[in-house]
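Bear in mind that the values here come from a model prediction, so they are computed numbers and not experimental data.
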Amino acid sequence: MADINIPIKDIIIPMYDDVLEDILNHGHTDYIFPGGRGSTKSSFVGGVAIPLLIIQNPECHAMIFRQVANTIQNSTRSQVEWGIYKMGLEDLFTIPKRYNNPIVFKPTGQQIIFAGMDEPGKFKSLKLPFGYVGITWWEELDQYAGENTIRNVLQSTQRGGDKFWNFMTFNPPISKNNWANEYTETAETNERLRETTLVVRNTYLDVPEEWLGGEFIARAEMLKEINPRAYEHEYMGKAIGTGGDVFQNASDLDMTELIPQFDRIYCGIDWGYAQDPFRFVRMHFDSKHLDLYIFAEYSTTKTRNEQVFDILYKDKKLITTDELVTADSAEEKSIADFRAYDAFIRGAEKGPDSVRYGIKWLQGLRNIYIDKRRCPLTYKEFVNYEYETDRDGNFISAYPDADNHSIDAVRYALEKYWKRRGN
């Protein structure tokens with residue numbers, strides 16, 4: 001490579017200078033690039049790093065993967081071709097028109113092979129004229145089935161050599177629980193993995209504006225203004241939720257200084273005894289600004305109604321007998337018991353589709369603030385509550401009847417708002 005004049009500086013962003021040096025010096029084996037739109041991660045890996053590694057390592061071949069083969073031509077292959085032409089190396093490479101034919105480095109016969117995971121025979125029966133597959137690139141990492149899938153393929157391809165480079169690029173999915181996001185986070189935090197793995201995060205803000213064009217910048221800035229959450233995910237590459245979050249408006253708030261100011265108090269109860277817990281929730285609702293503040297909870301199992309009443313009203317003093325509490329009307333005996341103990345209590349009206357209506361109303365609030373120091377169970381329910389999924393794992397517009405005891409108690413307490421006549 002020393003004999004080839006390559007204008008690298010003109011086609012990679014400044015922050016990639018050190019990354020490229022690390023790659024060419026084999027500083028790490030695994031390189032993970034989670035980045036938002038316009039971060040240039042794919043053009044850097046496919047268009048610059050891989051061709052240069054091929055030139056520098058005459059025994060190495062490269063293998064580039066996509067989940068679906070017919071997406072290769074307009075994605076990974078176009079990035080490699082772009083880099084070869086940008087660096088003025090087109091005379092050194094044979095570039096066939098069809099994606100399923102490898103790009104070949106003429107001086108040595110090294111190959112850059114493209115394969116879809118939907119055509120496993122492409123790599124399982126791989127025969128090389130010499131050398132070994134020392135370079136692999138997994139574009140859109142999150143689209144593969146999981147870490148085991150990557151590992152199984154690498155066990156077949158990474159043989160016969162002493163140096164390997166494994167690249168992974170992707171736009172982080174919205175779900176924090178997506179395997180690719182979790183895998184990347186582990187690589188960043190695990191001391192042992194950091195020795196062999198380099199995680200490179202960047203955004204379009206690291207890229208010269210003239211490279212991206214005014215239209216790209218304008219669209220990004222517009223989304224930032226009208227939908228900051230979507231902007232954080234799409235352009236800043238942040239995993240901001242599960243993708244199936246029901247309550248994207250729920251967040252933690254320390255209410256120590258706010259509680260004395262709360263004057264519109266509502267209380268709800270979801271009955272339970274053995275398998276399902278009893279749950280009490282206390283909240284303040286600012287109807288003018290559509291802000292809900294949840295600041296007290298109590299939960300127990302296998303506790304008799306009289307004991308629960310004493311704990312709520314006498315021991316913990318979470319509610320007084322002058323305050324109305326709305327409870328699940330399915331437990332008529334429990335409501336009657338509390339009335340006998342002098343509680344001011346009523347049963348929720350419920351009705352057809354009341355769960356869906358109540359949850360949709362809660363979703364429409366500007367904020368659902370939860371003090372997770374005082375209400376850890378309620379906070380966990382709201383932030384982890386997800387839509388149901390079909391058998392393929394896709395989210396559907398249905399609400400699961402599980403881990404929702406506080407959510408139900410909140411619905412009951414605020415029934416007067418979401419179940420008005422005509423709604």
Side-chain angles (χ1 to χ4, degrees), residues 6-20 23 31-52 64-90 95 97 99 103 114 116 137-143 167-176 178 180-181 184 199-243 245 248-249:
I6 303 174
I8 299 172
K9 297 291 185 182
D10 297 333
I11 59 175
I12 67 172
I13 59 177
M15 73 164 292
Y16 283 160
D17 288 345
D18 292 339
V19 179
L20 182 59
I23 291 170
Y31 293 85
I32 307 176
F33 291 79
R37 290 183 182 176
S39 61
T40 71
K41 57 188 179 297
S42 297
S43 58
F44 169 71
V45 170
V48 178
I50 290 178
L52 294 184
I64 299 175
F65 296 96
R66 283 297 304 265
Q67 176 60 34
V68 180
N70 64 15
T71 63
I72 290 172
Q73 186 64 51
N74 295 320
S75 58
T76 51
R77 190 178 181 100
S78 64
Q79 297 287 7
V80 175
E81 292 180 12
W82 169 85
I84 289 173
Y85 281 99
K86 270 290 187 179
M87 292 187 289
L89 303 175
E90 60 270 24
I95 305 177
K97 292 183 178 180
Y99 81 86
I103 293 175
F114 300 84
W137 175 24
W138 306 85
E139 170 71 316
E140 303 295 355
L141 179 68
D142 57 298
Q143 293 183 4
F167 298 99
M168 293 166 271
T169 56
F170 68 110
N171 289 1
I174 195 171
S175 171
K176 296 176 182 178
N178 179 275
N181 286 331
T184 302
V199 178
V200 182
R201 294 184 183 272
N202 73 291
T203 72
Y204 77 98
L205 297 176
D206 301 305
V207 181
E209 185 172 338
E210 59 270 20
W211 288 18
L212 299 172
E215 181 66 21
F216 181 96
I217 303 297
R219 287 183 178 275
E221 293 303 312
M222 180 180 294
L223 187 63
K224 182 179 181 180
E225 181 178 343
I226 65 175
N227 193 337
R229 192 170 187 273
Y231 170 82
E232 287 292 300
H233 172 232
E234 296 178 21
Y235 287 93
M236 303 309 289
K238 295 181 179 179
I240 56 176
T242 65
D245 296 338
Q248 297 182 2
N249 52 350

Can you name the residues that form a side-chain hydrogen bond (donor to acceptor under 3.5 Å, both in side chains) with Y204, not counting sequence neighbours? E221, Y231
Check: F33 main-chain N/O paired with K41 side-chain donor or acceptor under 3.5 Å: no
Verify side chain to side chain contact (heavy atoms under 4.5 Å, CB included) between F216 and Y235, making sure each step is shown before the conclusion. CA-CA 11 Å; F216 181 96; Y235 287 93; 3.7 Å; yes
To the nearest 0.5 Å, what is the distance between CG on N74 and CD on Q79? 10.5 Å
Going by side-chain hydrogen bond (donor to acceptor under 3.5 Å, both in side chains), name the residues that satisfy it together with N202, two or more places apart in sequence or in a different chain. Y16
Suppose we screen for side-chain contact (heavy atoms from CB on, under 4.5 Å). Which residues come up paired with P34, at least two apart in sequence or across chains? I32, F170, P172, T184, V199, R201
Inter-residue atom distance L20.CG - I12.CD1, 0.5 Å rounding: 5.0 Å
Do Y31 and V45 have side chains that approach each other closer than 4.5 Å (heavy atoms only, starting at C-beta)? no
Partners passing salt bridge (Lys or Arg N to Asp or Glu O under 4.0 Å) against E210 (at least two apart in sequence or in another chain): none
Pair listing, salt bridge (Lys or Arg N to Asp or Glu O under 4.0 Å) test, anchored in residues 68-82, at least two apart: R77-E81
Working to the nearest 0.5 angstrom, can you tell me the gap between Y85 OH and E90 CD? 6.0 Å
Out of curiosity, I103 CD1 to I64 CD1, how far, rounded to the nearest 0.5 Å? 7.0 Å
With E140 via salt bridge (Lys or Arg N to Asp or Glu O under 4.0 Å) - residues at least two apart: none
Dump the intermediate steps for side chain to side chain contact (heavy atoms under 4.5 Å, CB included) on F44 and T169, then the final yes or no. CA-CA 10 Å; F44 169 71; T169 56; over 6 Å; no
Does E234 offer a backbone N or O that forms a donor-acceptor pair with the side chain of N171 under 3.5 Å? no
Over 12 foreign heavy atoms within 6.0 Å of CD, E209: no
Yes or no on side chain to side chain contact (heavy atoms under 4.5 Å, CB included) for M15 and V200, after CA distance, side-chain angles and deciding distance? CA-CA 10 Å; M15 73 164 292; V200 182; 4.2 Å; yes
Quick test of your reading of the model: are E139 and R66 salt-bridged, counting only N-O distances below 4.0 Å? no
Closest heavy-atom pair, A49 versus F167, reported as atoms and distance to 0.1 Å, is CB-CZ, 4.3 Å
Can you measure from CG (D10) to CE (M87) and round to the nearest 0.5 angstrom? 12.0 Å
Validation row: P208, I13 side chains within 4.5 angstrom (heavy atoms): yes
Scanning both residues in full, the closest heavy-atom pair of N181 with P173 reads ND2-O, 3.1 Å
Heavy-atom closest contact (A180 atom, L141 atom, distance): CB-CD2, 4.1 Å
Pair I23, L52 - check side chain to side chain contact (heavy atoms under 4.5 Å, CB included), show working. CA-CA 10 Å; I23 291 170; L52 294 184; over 6 Å; no
Which heavy-atom pair separates I84 from P51 by the least distance, and what is that distance? CG1-CG, 4.2 Å
